[in-house]
Chemist: 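This structure is in structure tokens; I'll ask about it shortly.
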Amino acid sequence: MIADLPLWLSILVSAFVVLGALLTMAGCFGLVRLKSFYLRIHGPTMGTSMGGGLILLASAIYFTLTRERLVVHELVIFLFVTLTTPVTLMLLARATLFRDRVEGNEGVPKRPEKAETPASP
Amino acid sequence: MELTLALAIGVLSASGVYLLLRPRTFQVIIGLSLVSYAVNLFILSMGRLRMDAAPILSGADADIANYADPVPQALVLTAIVIGFAMTALFLVVLLAARGLSGSDHVDGKGD
Amino acid sequence: MSVTILEWSLFAAQIMLGLGMLATLYRMVVGPRAQDRILALDALYVVALLLLITLGIRTNSQVYFELAMLMGLLGFVGTVALAKFLMRGEVIE
Amino acid sequence: MPLPSIPTDFALPLLCFLPFLASIFVLAAPGEKIRGAAWVTAVVAAILSLLSLALFPSIANGEVLISRIEWVPQLGLNLTLRLDGLAWLFAVLITCIGFLVVLYARYYMSPKDPIARFHALLLAFMGAMIGLVMSGNIIQLAIFWELTSLVSFLLIGYWYHRGDARDGARMALIITGTGGLALFVSMLVIGHIVGSYELDDVLASGGKIVESPLYPVALILFLLGAFTKSAQFPFQFWLPNAMTAPTPVSAYLHSATMVKAGVFILTRFWPVMHDHQLWFWIVTYTGLATLIFGAYTALFQRDLKGLLAYSTISHLGLITTLLGMGTPLAAVAAIFHIANHATFKASLFMAVGIIDHETGTRDVRKLSGLRKYLPFTATLAIIASAAMAGVPLLNGFLSKEMFFTETAEFDPNVFVNLSLPIGATLAGMLSVAYSIKFVHGVFFGPPPTELEKVPHEPPALMRRPIEILVLICLAVGIIPGITIAPYLAAAVHSVLGAETPYYSLSVWHGFNLPLIMSIIAMVGGAVIYVPYYRKLRDIDGVPLTRGLVGQRVFERILVTATNRWARHLVGAFGTQRLQPQIFVVIFLALAAGIAAGWARMGNLPLPDSFDPVLGLVWLLGGISALAAAQQAKFHRLASMILMGGAGLATCLTFAWFSAPDLALTQLLAEIATTVLILLGLRWLPKRSPVPESTPMAARLRRYRDVALAGLVGLGTALASYAIMTRSASEGISDFFLANAYKEGGGTNVVNVMLVDFRGFDTMGEITVLGVVALTVFGLLRRFRPASDSAERPEQQRVLDEYAPGSSENVADDFLRIPALIMNWMFPVVVVVAIYMLMRGHDLPGGGFIAGIIMSLAFILQYLAGGTRWVEERLRILPLLWIGWGLLLALLTGVGAMVLGAPFLTSAFAYADIPLIGKVPMATALIFDLGVFALVVGATVLMLIALAHQSIRRPKVAGSNKPKQRVGADKWN
Amino acid sequence: MRRLLPHPILAGFLLVLWLVLQQSAGLGHILFGGVIAIAVSMAASAIIPERIVIRRPLKFIQLIFVAGLDIIRSNLAVMSVLFHPRPNPTAGFIEMDLTLKNPFALAILAVILTATPGSAWLEYDRARSTVLIHVFDLVDEEEWVATVKKRYEALLLEIFQ
Amino acid sequence: MTGMNHIAILPILIPMAAMVFNLLVGDGRSNRRIIGINIGFSVLLLLVSILLLAVLAQSSTAAAAVYPLGNWPVPFGIVLVADRLAAVMVLTTSILSLAALIFASARWHSRGTNFFPLFHALVMGLNGAFLTGDLFNLFVFFELLLAASYGLALHGGGRNRVRAAMHYIVINLVASFLFLIGVALIYGTTGTLNMADIARAVPHIAPDDLGLFEAGVAVLGIAFLIKAGSWPLHFWLPNTYSSAAPPVAALFAIMTKVGFYAILRLWTLVFANQTGPELAFGQNVLFVLGIATVAYGSVGALSSKALDRLASYLILVSAGTLLLAVAYNVPGVTTGALYYVVVATLAAGALFLLKDVIDQVLPAEAQILAVSLEFYGDEEEVLDEDQEVSRSFPAAATLLGWCFAIAALVMAGLPPLSGFLSKFAMLSAAFGAANAPTAATWWITGALIVSGLFVLIAMVRNGINIFWTSLPGDGGLALRPLEVGPIMVLLALCVLMAVFAGPALSYFADTAQFIHSPQNYIDLVLPKGETP
Ligand code: NA
Ligand code: NA
């Protein structure tokens with residue numbers, strides 16, 4: 001069962017949770033509402049950055065208070081999410097870019113001309 | 001909650017069974033995965049549903065009524081691992097079969 | 001009082017996260033391109049992770065922490081593989 | 001005979017088993033020396049003949065010798081060797097004629113033939129036949145019965161390079177084998193009625209059998225056995241086809257012994273089975289039909305052996321008729337004719353063998369006037385033929401007269417009263433006619449013109465057996481009282497016992513009806529033959545019954561049954577296709593579950609709680625699953641992604657319902673599966689959506705599948721709902737919760753169960769994982785992609801077209817920064833894996849989970865850098881991981897055994913380490929370490945083996961077409 | 001020392017990670033975590049050959065703060081766009097030249113830009129040292145490039161090069 | 001706990017140790033010493049199995065080695081129950097596996113990777129399935145034996161094997177799901193997994209739950225029937241068996257018997273002793289399926305022209321026969337069935353091995369094999385250097401003919417060999433049962449007899465094709481002693497089983513008596529006073 005916290009703290013935790021969820025939800029709705037893939041790619045990062053951050057922060061506060069010790073687990077999760085999300089996004093964006101270029105789709109920057117061979121591997 | 005889980009099991013097993021009955025190997029492998037989800041949840045449901053009662057003892061003198069039935073969980077754990085192994089095996093066999101027959105039909109018929 | 005506030009806000013948050021999940025599902029089903037679906041799955045993992053965190057608070061339990069952590073740490077392996085397959089036609093070259 | 005009496009327990013087994021031992025000896029003896037094999041057989045046959053003759057005094061007065069060897073006493077099946085008068089008579093026929101046949105065969109068989117096999121089989125047959133007639137246990141009787149069929153099969157097929165020999169052998173075996181099985185069941189039923197399988201008990205059962213309601217079943221099956229063996233109509237056709245056997249075999253099996261087995265059991269069981277209308281009608285008229293049919297058909301045979309074969313059928317019909325009539329005197333006549341027929345028919349077969357041997361043919365059209373070339377043989381054959389025709393002063397006359405007497409005097413009603421004597425006379429006429437045809441056609445007339453060589457008399461020793469037999473014919477025929485009488489009396493008495501009637505063996509009974517019948521037969525036979533002898537010689541096939549060729553019908557049924565019908569049935573009630581198979585399995589499982597559970601499902605209460613969040617999760621999961629099912633055909637990637645959604649919902653549900661370990665495992669297995677399937681997807685063919693014009697049949701099938709799937713879903717949902725809404729019965733689970741910490745030393749009860757309470761399951765399970773990994777590895781070692789997947793993936797090829805030569809660099813650029821991050825994740829993931837491993841006993845985690853995490857760490861590197869890049873840097877030896885993992889698990893278990901506790905007994909303690917404090921040390925942790933190592937090894941092995949296919953660029957399957965299978969059709 | 005501890009920063013990070021995961025800084029955990037951290041970092045050196053050197057640790061913390069603030073700001077900005085009844089962002093691609101060459105630093109920049117809602121790292125061209133970025137709500141391209149160069153690239157250059 | 005009691009677990013541990021050994025030394029395909037050690041493990045297993053059987057035969061009828069793993073009290077921990085039935089099955093497995101292993105070591109082991117560990121894993125799975133007294137543990141061992149069988153079915157590769165194996169795998173994966181659902185429902189209604197404990201709990205199941213319990217048992221039954229090869233759940237079987245490598249197919253001969261074993265064990269334990277509607281749960285269905293299976297197998301045998309396919313259908317015939325025997329539910333019939341299961345398994349195994357030897361000496365077929373090897377095989381693998389050399393034997397054709405004849409007689413159930421005796425034992429007991437003969441008696445009689453006839457016809461046709469038309473003359477065929485030896489031993493055992501039918505059947509009668517008095521089993525596993 002949820003532990004009893006001081007009122008202001010529970011309001012704080014609640015606010016963080018709700019705001020974080022709202023941001024995350026907004027990001028997800030972005031997936032639905034935005035028209036192109038390049039726009040949609042920005043949606044999920046709301047959940048991985050501030051949305052997630054707020055919920056994790058709420059959790060850290062909550063458990064630190066109820067367990068009466070410093071709980072910083074959530075930091076690890078935040079770090080992992082922050083590090084890993086860009087990997088997928090970059091790969092996906094790059095793959096999409098490539099597909100669009102090959103298919104000759106509109107509104108995509110052209111492939112840069114290869115000026116010289118890369119310096120060193 | 002029981003209803004939700006029962007419906008979930010039903011939908012998963014129905015989708016999975018439908019795929020098992022399809023002719024393409026890929027459909028079958030997805031079907032196997034879905035059915036295994038359904039079966040795992042089914043086994044879990046046999047221990048009755050408990051929220052907030054993970055069978056992690058909080059001390060030596062805990063009241064055992066506060067914990068979910070660990071037996072189905074142990075069974076499901078085994079089932080998940082075996083299911084993973086079997087999916088891998090089936091995948092490789094279907095690849096080999098396709099390599100030899102040139103078709104991804106379960107009976108090796110032409111496309 | 002504070003318990004009620006927390007309960008209701010967690011409930012609201014979980015509902016919002018659940019709706020967010022449905023939004024990702026929309027992209028997963030509708031597409032139109034594979035990259036849209038993969039992106040949605042990646043987002044779904046994050047939402048699920050956050051749902052677990054709220055579940056932890058709701059049940060006052062830290063049991064789900066590791067699960068959330070692994071979702072954050074390894075959830076991307078699947079989507080990376082998918083993205084790579086999309087780009088290269090094979091996952092491991 | 002003035003021989004010392006021999007102990008029964010030695011003599012009877014010797015009589016029965018010596019032939020078998022000799023058979024094995026002959027077969028095993030090195031070399032194919034004709035002399036050695038023949039000599040051994042002759043000596044054994046002589047010993048057996050003497051032995052059986054020497055046993056006569058012991059049974060002469062109605063005594064029964066019994067020797068019992070316990071075999072399966074609890075089932076009432078023993079080797080009971082039982083010698084009474086009837087058995088003795090048969091034993092003498094078998095051994096003595098066997099001896100003569102061996103002598104004869106010594107000259108008959110060509111040195112080119114595999115002689116050892118011949119003699120071994122002949123000996124085995126002799127043993128089987130002796131065992132049959134001496135069976136004192138009716139199951140044993142059925143056993144030896146079937147043995148005679150089997151050995152005769154091999155003997156008929158002796159010259160198996162000949163197609164007709166193979167066909168004849170197969171037909172004989174199938175017909176007589178079927179009969180044998182029927183006889184076996186009949187024996188079971190009789191044993192059931194009597195309450196014992198011992199022949200003595202059966203014979204002592206009085207009217208029990210005929211009064212039993214099971215009598216008709218027992219009788220029909222019994223007669224099926226007897227009639228097939230004795231070639232009774234309509235099963236007679238196998239016998240002429242068995243004439244492809246070497247002539248000594250025909251003489252022995254198909255005249256003297258094996259075909260007599262049928263009439264033997266009719267006689268044997270006559271006392272306890274004949275007293276019933278069913279017996280009378282079936283046996284008598286089957287016999288009569290056979291008698292007439294055989295004689296009639298014999299008349300039209302061109303092949304001498306065919307003629308003799310049909311004659312044999314006819315005579316067997318005669319005996320059967322007698323036995324069917326059910327009077328004691330008829331039984332006496334039957335027994336007498338059994339002996340008589342054996343002597344004259346065996347000698348005739350041998351004579352035909354000599355003719356065949358000397359002229360190279362048995363065709364009556366080519367043979368003529370042979371009495372000039374083979375005077376002795378001709379004389380002997382003429383006498384034997386006369387016996388066959390029933391000429392007075394020969395043994396055949398005596399028993400035939402008895403037959404005529406019985407048919408004439410038997411008077412139950414008008415039909416029988418007329419049909420039997422008329423039929424008998426008619427058959428007698430026909431037999432006289434074919435006997436004349438035999439004698440006249442072969443030995444008289446002008447010298448033969450179509451022969452390839454000039455015939456000569458055979459060596460005297462080859463004639464000797466015939467001489468002896470013909471001598472017996474004469475002796476019995478002239479002075480029956482002092483030759484056959486005592487032996488016949490013993491045999492008759494053993495069958496009829498107190499019912500034994502008075503009978504006379506004298507040659508002259510006065511001028512009575514039977515004699516008139518005989519005269520009619522004689523004259524009639526001549527009248528039939530003389531005017532038509534040319535036509536009878538040249539005629540092709542049998543008039544009237546030409547179309548009734550049993551052989552052809554049999555062959556056609558056999559071929560149709562085995563080829564068309566069987567294949568049709570196998571096709572109709574089975575399938576090679578996978579989808580119907582799965583359908584049947586699932587349908588039956590559903591049907592079984594519903595049938596068993598539906599009626600007593602109990603009440604289903606309404607739900608009392610609903611969590612909208614979980615509802616949302618499953619809205620996601622359910623739609624994902626359905627969409628995955630819908631997309632799986634044409635949008636594989638989409639389907640996989642959606643499957644991921646369903647998997648995630650499952651994972652969350654595990655977490656929701658207090659199963660964190662499951663949620664973790666599900667998540668990780670899900671990720672690993674995704675990578676795995678993606679690795680495989682590269683080798684599957686491209687799919688592009690096709691226009692939606694599905695044929696009607698396919699659509700119907702789809703509806704049907706949807707219906708089944710829906711029902712399965714409904715069933716599982718209902719069952720799980722029912723269980724979940726009811727209280728749990730008091731089961732084993734409390735024990736684990738109560739003892740996990742106290743006895744198992746861990747607070748994570750699930751983990752303690754996995755590594756301790758139910759560690760044995762886990763040990764099996766990791767073995768499964770290891771085995772699957774080995775299989776995957778082995779399969780991929782020789783993997784050949786399909787030709788359309790062998791090229792580099794389309795994406796890479798398109799890229800090459802789009803930016804020639806830059807593919808490698810683009811890939812490099814494409815991955816540069818993500819790969820760096822993924823490389824850096826490696827140590828992080830490894831540390832997390834170790835963390836999850838260490839905490840497993842107390843908190844969610846453990847070997848499985850840590851193992852998959854660890855392997856994902858490796859996979860991540862492969863994803864980032866590619867196979868070559870990783871393997872230049874890391875050397876993972878997954879097979880060793882698997883081996884060591886299993887070894888650790890095994891050693892943990894065996895360690896307990898060494899200490900005297902059962903396998904896998906755990907121990908734990910808290911070690912007090914300076915500076916650190918109390919550290920829990922449980923052997924279960926070592927076990928879990930084994931699990932970890934194995935999971936790492938197996939998962940990595942499977943994934944990497946699959947990944948390796950991309951760099952192998954292996955040969956394409958089907959690039960070299962299989963060569964035409966040489967001779968495949970012949971073999972099949 | 002170098003062979004024993006090829007990646008001191010990594011080892012230190014792993015030790016901290018271990019302790020955070022264990023939620024304990026007891027001596028036992030430190031000792032055990034240290035062993036693990038060193039062992040794992042040694043194993044990792046096979047796939048991470050180049051050693052990381054952070055020249056200005058304080059600047060690194062500054063970077064984290066700067067990025068954190070930007071992330072909060074852009075979150076709110078993107079949310080306001082998304083909650084608009086008809087979201088119509090003025091999105092666009094930007095190709096910018098980078099002075100930064102250190103791959104590790106580039107990775108950090110990529111992570112920051114991508115993790116920030118509103119900007120996404122698409123394609124880095126090593127030959128020309130340019131990067132293609134997609135920006136969600138692009139008002140002024142010049143200003144945007146300048147901000148990135150000033151706020152992040154400069155800091156990263158200081159830290160790593 | 002004395003040391004002797006460990007004997008119950010050794011049949012599982014020895015093959016496991018063998019498997020680990022192979023994994024640690026690597027795939028030593030061409031190393032004669034490694035092959036020798038592998039055979040050594042199998043010999044050791046055989047000795048232990050003989051010892052186990054001997055110990056049980058010496059002790060009272062109701063004796064069994066009950067082995068609580070991890071020393072946890074029954075029914076909480078997993079328990080092994082080595083009773084007479086288990087001992088017989090384990091011994092049969094050991095004999096068959098040793099023969100197949102020696103046969104394979106002549107050349108088949110080198111046709112793919114990791115033959116030995118997979119082989120030992122299959123044996124481990126089989127023995128575990130026979131010995132365990134826990135329902136879920138039975139599932140695990142089923143999975144183990146299946147997993148190993150998948151690998152072995154694929155051993156040697158090639159189009160037919162892979163295709164057949166794929167069907168086999170899919171069907172058995174579905175079967176595994178059914179198994180899990182069945183176990184789950186049984187656990188959900190009884191709260192326990194131990195077989196004896198389930199049997200004990202059945203009378204106490206709430207009336208409302210009985211339907212669910214029986215639904216679980218029914219679904220579980222379908223899973224077992226799939227493994228037992230019952231029509232119409234057997235479709236995977238003929239293809240899988242006939243395309244598997246011969247020594248593998250030989251070992252597979254016992255796999256359908258695991259399904260039979262499971263049905264016999266659980267059905268007699270849970271239902272045979274019950275009263276009311278539970279008394280004959282599923283009995284009629286089982287009987288009808290048995291008849292159908294026998295019929296289908298016989299017709300299939302009749303339709304088969306190739307020996308391996310024929311042998312596969314013979315497996316079906318024996319599977320159906322065993323189902324009939326179980327459904328008959330009379331100790332005497334069970335006695336005969338147990339005798340039958342041993343001889344039919346050994347003979348079928350021998351037949352699969354024999355098929356391979358015949359293939360080698362048939363000139364045309366040998367050519368095909370070479371061609372297909374070249375086509376399907378792995379060119380990286382050198383096959384010839386370590387092969388057992390074949391030698392020319394003067395009477396080879398006669399020898400093979402005898403082997404074939406014995407196998408044919410046993411499989412067709414013709415006199416005088418053990419196949420006949422087993423059928424006689426079953427039928428005699430069927431007629432001897434109370435109220436016999438009933439309709440069921442006639443059905444079982446007809447099934448056994450007619451199937452015997454069909455098998456006879458099929459075997460005769462095959463025998464004639466092979467020995468009378470195809471085989472070259474007796475001028476010395478080349479055989480490998482390592483291949484012919486095991487066949488001869490297996491068939492000699494069939495003959496010996498006939499000669500010593502008396503003692504064998506009295507052992508089986510005791511076994512059947514024990515099986516049909518489930519309370520004995522329950523009391524052994526759950527000592528009184530310790531039941532929960
Ligand atoms: Na992520
Ligand atoms: Na971003």
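The figures that follow rest on heavy atoms only: side chains count, while hydrogens, waters and symmetry mates do not. Chain A is the first sequence line, chain B the second, and so forth, proteins listed ahead of strands; every chain is numbered from 1.
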Chemist: A:R33 side chain to E:P85 main-chain N or O, any donor-acceptor pair under 3.5 Å?
Modeler: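 Yes, because the side chain of A:R33 sits within donor-acceptor range (under 3.5 Å) of the backbone of E:P85.
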Chemist: Which heavy atom of E:A120 sits nearest a heavy atom of A:I41, and at what distance?
Modeler: CB-CG2, 4.0 Å
Chemist: Please report the closest heavy-atom contact between A:S49 and E:P117, naming both atoms and the distance.
Modeler: OG-CG, 3.5 Å
Chemist: If I measure from the heavy atoms of chain E, does A:V72 come under 4.5 Å with its side chain, its backbone, both, or neither?
Modeler: both
Chemist: Contact part of E:F136 toward chain A, heavy-atom cut-off under 4.5 Å: side chain, backbone, both or neither?
Modeler: both
Chemist: Counting only heavy atoms closer than 4.5 Å, note whether E:L122 contacts chain A via side chain, backbone, both or neither.
Modeler: both
Chemist: Quick one: what part of A:L34 sits under 4.5 Å from any heavy atom of chain E, side chain, backbone, both or neither?
Modeler: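 Side chain only.
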Chemist: Let me know if A:L39 has heavy atoms under 4.5 Å from chain E in its side chain, its backbone, both or neither.
Modeler: both
Chemist: Are A:R69 and E:Q23 side-chain neighbours, meaning at least one heavy-atom pair lies under 4.5 Å?
Modeler: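 Side chain of A:R69 against side chain of E:Q23, heavy atoms only: contact under 4.5 Å found.
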Chemist: Which region of E:V135, side chain (C-beta onward) or backbone (N, CA, C, O), has a non-hydrogen atom less than 4.5 Å from a non-hydrogen atom of chain A, or is it both or neither?
Modeler: backbone
Chemist: Measuring from atom CE of A:M50 to atom CZ of E:R73, what distance do you get when rounded to the nearest 0.5 angstrom?
Modeler: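 A:M50 atom CE to E:R73 atom CZ measures 12.5 Å (nearest 0.5 Å).
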Chemist: Please name the pair of heavy atoms, one in E:L82 and one in A:M46, separated by the smallest distance, quoted to 0.1 Å.
Modeler: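 Between these two residues, the closest heavy atoms are CD1-SD, 3.7 Å.
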Chemist: Does atom CD of E:E143 have more than 12 heavy-atom neighbours from other groups under 6.0 Å away?
Modeler: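 No, not enclosed.
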Chemist: Check whether any side-chain heavy atom of A:L97 lies under 4.5 Å from a side-chain heavy atom of E:L132, and answer yes or no.
Modeler: yes
Chemist: Please tell me if the side chains of E:N75 and A:L23 come closer than 4.5 Å, counting only heavy atoms from C-beta onward.
Modeler: yes
Chemist: Can you tell me which portion of E:I108 sits under 4.5 Å from chain A's heavy atoms? Options are side chain, backbone, both or neither.
Modeler: neither
Chemist: Counting only non-hydrogen atoms closer than 4.5 Å, does A:Y38 touch chain E with its backbone (N, CA, C, O), its side chain (CB onward), both, or neither?
Modeler: both
Chemist: To the nearest 0.5 Å, what is the distance between CE (E:M79) and CG (A:L19)?
Modeler: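 Between atom CE of E:M79 and atom CG of A:L19 there are 6.0 Å.
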Chemist: Are E:T114 and A:T85 close enough that some pair of their side-chain heavy atoms sits under 4.5 Å apart?
Modeler: no
Chemist: Does any heavy atom of chain E fall under 4.5 Å from the side chain of A:L79, the backbone, both, or neither of them?
Modeler: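 Interface part for A:L79: side chain.
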